[in-house]
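Remarks on the structure that follows.
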Amino acid sequence: MDILRHLSFCPPGTPWFDTHAAAGAAEEEDFAATHDPVPDGWERTPGSEWVLLTPPGVRLPGQGWKIHVSATPESAERVLGTTVKYCTAEGLTFKFLRSPRALLRRNSKYGERSGSGKFITLYPLDEAQFARVLDELGGLLDGEPGPYILSDLRWRSGPLYVRYGGFAVRTMRSPSGETVYCIENPDGELVPDRRGPGFRPPEWVTLPDCLAEAMAARNAGTLRDFPYRVTKALHFSNGGGVYLGTDTRTGRQVLLREARPHAGLDSEGRDAVARYRKEHWALERLAGLPAIPELVDHRKGHEHHFLVRAYVEGTPLSQLMRKRNPLLNGVTAPESYAEYTAWALRVLERIEEGVRGMHERGVVFGDLHPGNILVGPDPETDTDAETETDTAGTAPGAGQGGPDGQGGPAVTFIDFETASAVEDDAVQQMGAVGFMAPAGYTGTHVDRYALGSLRLAVFAPLAGALQWSPQKVEQLLDLITAHFPVPTDYAARTRSALAPPPAATAPGTAPAGAIAPAEAPAPAEGRARTEGRAPAPGEAADEAPLWTVPERDTWPALRDALAQGIRAAATPQRLDRLFPGDAEQFLRTGGGTGFAHGAAGVLWALARTGARVEPEWTDWLVERAHAQQDPRPGFAHGHSGIAYALAELGRVDEAADLLARAGTPPADAGPEDGGPAATALGEGLAGIGLTHLDLARRTGSTDLLEKAVAIGARLAERHTRPAREEPPAPADPAGRRGPAPAGLLDGATGEALLLLRLYEETGETGLLDAAGAALDADLTALGLRPGAPLPSEPLGRLPLLAVGIGGTGMVLHDHLVHRPDFRWAPVRDTVREATALRFTTEAGLFLGRAGVLTALLHLSDGEVPAEALRPQLAALGLHAVRHEDRPAFLGRECLRLSTDVATGTAGVLLALHSVFEGGRVQLPFF
């Protein structure tokens, strides 16, 4: 998942993923111009982020040269007042960000780089007005500061920038299926309106004469007397880039950290340059310590600041934890746990020594987490280890060997931009989710708390859960001590590191006047970070157990509590979503209606488990689905999934109408034409065909059945054509070319499921042959072999439902009913054994414990021994919290709660219903 995008939907004051506007920004926080009276005849159109002001009688062209005005938080009110006065006098259409909070988000460290600095947008009617506005307004605002707008051309030295683009909002679908903004070329065709971090007007557009001087200044704006040559960009953020480079004077390899003035703001309004100065101070003060990168240089180049330090290849601890931890990778061999434990303890020892060294030099790191620690090869175990540069968003540093020449892997600390002096006893202002200290922790206690979180995360990477309850510490320690041979005092030392300093707010106790985390987690922005005060990791009164393993006699009460929790979260007054789910609700067009993350899946889950579904909720789903323009046809996020849910809810006619409205890809479209998963269950033909088949069975419609059969024939041909005629490999879900992912949702397994169900409906053996070929493709891609143990790669080991072997094993199980001699038959038992997975990072149905439990049930035909079932039910407790005195479940990265089918409580409810209501899995098309 893209955690940066998810963090953009973690506003303070709510336990759910949401937009900042919907979370309740107070009107008094807006700029005055948002509510001031407008001139007679003018129209004001307020939105969640922007406010548009339109003069009477003006009709804008569809596209043209637009002007952006940049500002800092300090200058914003002044710049806006001047611009409003000018535009209203000029009769010029314009829009502006409605609040200082919106401006801070747009210019924040991990805001979108192409949008950074865009505070006000002006829409001149023609090039003559465009030139006049630049000259006149540019003179009025000359000297006002603001971040450089990377996508635009700067007008002289003030805060005005220009680009050619769309005035009216027009969108189109990209080849990967994403909705993109577009403009019209001279032939009348819609093409993408490029908004990347670089000034690139469309090739058919002629630069106006008034911009000649600005363009010449831009072309002349190269770095002079800069003795470093960039060889590779490693990472970008709104605050600047991180680059691998070479010192042209010595040939030495260096790392350059760029800081953009007025950009990359943190929650306190400090820009990247302020943090650059903090890092420079820390590196100077820590110079010579073994685990600290060597400071080489610092200088300014073309308005930006550059900190230059020595470079050393290394691997972020966050990557090594994922790669090496046997608990994460479904490994059961005891020797693997012993080997990993020995390595992890050596790494932790080096880290603790490094932190002590910083404190002795008078520096508090202030941002200790696995992504800010680079680890070199371990001379005790890594004989031919390769070091790697970071690919997860942090930059390699320039480390030394083990402290004081001792054994064990070398560690290097990077990213000192939030460091502080020990004597300042400062409060932490930024930190990674799960590693940011609660209220009351200051100075060195901030680092000590992060060390405690690290001691948990290196074995059980659920540090993000700590903010929700103090019981999470004990749950994780129980998990660690049960599976890893850690020293007998490991749990006690970890508790000690997490313990509050004297007179501080104790972990698990909300400070006076604060909102407990189950009601309002800390604000989260940026790369897995929280900014501002982190809450204590629990509620003031948190004595009730988070999770009690359900039994048959306690199941009815639990079922009702889970359903009531989902129902209580409904917001039928909103237009964007009905039930709170994953942030994907806001990242996809119509995401709040879909099956995976939206209302369709939640209502289906409630109906399937016997809970009441309010008629107004179903009406909401129908209305919002019909309101969508250019709807997606797919199952997980589009109209097929909505139609499937509506049929279950008794609205069959409306389901058929939606399905017909969405349509299917053209008959000659292959995966190379249709995007990331054009043939798969999640977004492609398999899901569409399965929905047609389901509706045909419900209604007896031969037309719907014929459409399902036609889709099946297309997929069957794809899997039975000669190898020499195979189409190019489809794109993966990120839109990159390459092999499609294997698994039920996005792989060939979903195609096999449709072909299998069509065979069961029609008896056509060719469909069964094609289903076997599709399964063969996915099982091979997963690295499985008949009669062989599981492969070493996690994708082929983890029995998750949507990806990996869980969902594929379920379809294989159904295929074996008709072809018991299928050569992959031994793999079915291997997959069933793999469902004894000890740990999952989520509770959800698609990628978590609920899906593993569902796969186990199906592969066991509903007959699971109690000794196999109880660990599965107990493991759900790692992700359970209490919300409004009911059990609820944490979603992605433990950032927020979720009620949706894919990641949240609805999926858990379906899995548990399968366990306690007869053993038949509650899953579409099974």
Audit row: His639, Arg661, side-chain hydrogen bond (donor to acceptor under 3.5 Å, both in side chains) steps and yes/no: CA-CA 8 Å; His639 270 23; Arg661 180 169 175 255; 3.0 Å; yes
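- Under the 6.0 Å distance and 45° angle rule, Arg170 does not count as a cation-pi partner of Tyr181.
- For Arg44 and Asp36, the salt-bridge test fails: no basic side-chain N is under 4.0 Å from an acidic carboxylate O.
- Shown are Leu97, Thr34, Thr45; of these, the side chain to side chain contact (heavy atoms under 4.5 Å, CB included) with Val51 is made only by Thr34.
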Worked check of side-chain hydrogen bond (donor to acceptor under 3.5 Å, both in side chains) between Thr679 and Glu751: CA-CA 7 Å; Thr679 56; Glu751 301 171 52; 2.9 Å; yes
side-chain hydrogen bond (donor to acceptor under 3.5 Å, both in side chains) evaluation trace for Lys118 with Ser151: CA-CA 10 Å; Lys118 296 178 182 178; Ser151 62; 3.1 Å; yes
Trace of the side-chain contact (heavy atoms from CB on, under 4.5 Å) decision for Phe579 with Leu603: CA-CA 9 Å; Phe579 295 98; Leu603 295 180; 3.7 Å; yes
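- Shown here are the ring-ring contact (aromatic ring centres under 6.0 Å, His included) partners of Phe846, two or more places apart in sequence or in another chain: there are none.
- Under 3.5 Å, the side chains of Glu842 and Thr903 contain no donor-acceptor pair of N or O atoms.
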Side-chain polar contacts of residues 565-572 - donor-acceptor pairs under 3.5 angstrom, sequence neighbours left out - could you list them?
| residue | atom | partner | partner atom | Å |
| --- | --- | --- | --- | --- |
| Arg567 | NH1 | Arg612 | O | 2.7 |
| Arg567 | NH1 | Glu614 | OE2 | 3.4 |
| Arg567 | NH2 | Glu614 | OE2 | 2.9 |
| Thr571 | OG1 | Arg577 | O | 3.2 |
| Thr571 | OG1 | Arg577 | NH1 | 3.0 |
| Thr571 | OG1 | Leu578 | O | 3.2 |

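- The aromatic ring centres of Phe96 and Phe31 sit 6.0 Å or more apart.
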Worked check of salt bridge (charged side-chain N to carboxylate O under 4.0 Å, His left out) between Glu584 and Arg892: CA-CA 10 Å; Glu584 288 289 338; Arg892 302 285 185 94; 5.2 Å; no
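- Every salt bridge (charged side-chain N to carboxylate O under 4.0 Å, His left out) that Arg651 has, sequence neighbours left out, goes to Asp619, Glu654.
- Separation of the His6 and Phe17 ring centroids falls under the 6.0 Å cut-off.
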Worked check of side-chain hydrogen bond (donor to acceptor under 3.5 Å, both in side chains) between Gln628 and Thr593: CA-CA 10 Å; Gln628 292 178 29; Thr593 61; 2.8 Å; yes
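- Cation-pi geometry between Arg5 and Phe586 is not met: the NZ or CZ atom fails to fall both under 6.0 Å from the ring centre and inside 45° of the normal.
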